[in-house]
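What follows is one structure encoded as structure tokens, with my remarks underneath.
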Amino acid sequence: MSDDALLTIDEAAELLSERRQFLAQLLEEGQIPSRLVGADRKVCKSDVLAYKAERDAKRRKIWDDLVRAEIEEGVYDLVPFDALYKP
């Protein structure tokens with residue numbers, strides 16, 4: 001399937017590993033462009049992949065910032081308290 005292929009809402013949601021309702025909300029907000037084909041809403045695969053890449057980059061940055069902060073505070077490699085003392 002090429003990147004310019006049109007996907008159904010279900011196919012796009014599966015590609016993002018999200019629920020159909022969440023994807024519908026993204027479409028309503030205009031975060032991913034969509035179009036009507038007959039009575040069905042379709043999305044371009046390349047638009048879904050672009051959204052996914054941007055979302056994943058934001059998540060990686062958040063994770064990297066968290067790890068960096070923990071390293072700076074000296075707590076990155078500490079064992080959580082509840083892992084040491086299980087009842």
Heavy-atom check, side chain of [X] versus side chain of [Y], under 4.5 Å:
X	Y	answer
D4	K45	no
L23	V48	no
I9	D40	no

Worksheet item: Is it true that a side-chain atom of R55 and a backbone atom of L16 form a donor plus acceptor pair closer than 3.5 Å?
Response: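 Yes; at least one donor-acceptor contact below 3.5 Å.
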query: Are E72 and R68 within salt-bridge range, i.e. N to O under 4.0 Å?
result: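 Between R68 and E72 there is no salt bridge, as every charged N stays at least 4.0 Å from the carboxylate O atoms.
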- Query: Can we say D56 and K52 salt-bridge, meaning some charged N sits less than 4.0 Å from an Asp/Glu carboxylate O?
  - Reply: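 Result for this pair is yes, salt bridge flagged.
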Tell me, yes or no, whether the heavy-atom count around E14 atom CD, taken from other residues, nucleotides or ligands under 6.0 Å, exceeds 12.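 Incorrect, the count does not exceed 12.
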ask   = Are side-chain N/O atoms of Q21 and Q25 paired as donor and acceptor at under 3.5 Å?
value =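 Per modelled atom types, Q21 and Q25 side chains form no pair under 3.5 Å.
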Transitive ILVMFWY side-chain link L7 to L36, under 4.5 Å:
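The answer is no; the residues belong to distinct hydrophobic clusters.
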If I compare all heavy atoms of [X] with all of [Y], which pair ends up nearest, and what's the gap?
X	Y	value
S34	R41	OG-NH1, 2.9 Å
P33	L27	O-CD2, 4.4 Å
C44	R35	CB-NH2, 4.5 Å
E11	L6	OE1-O, 4.3 Å

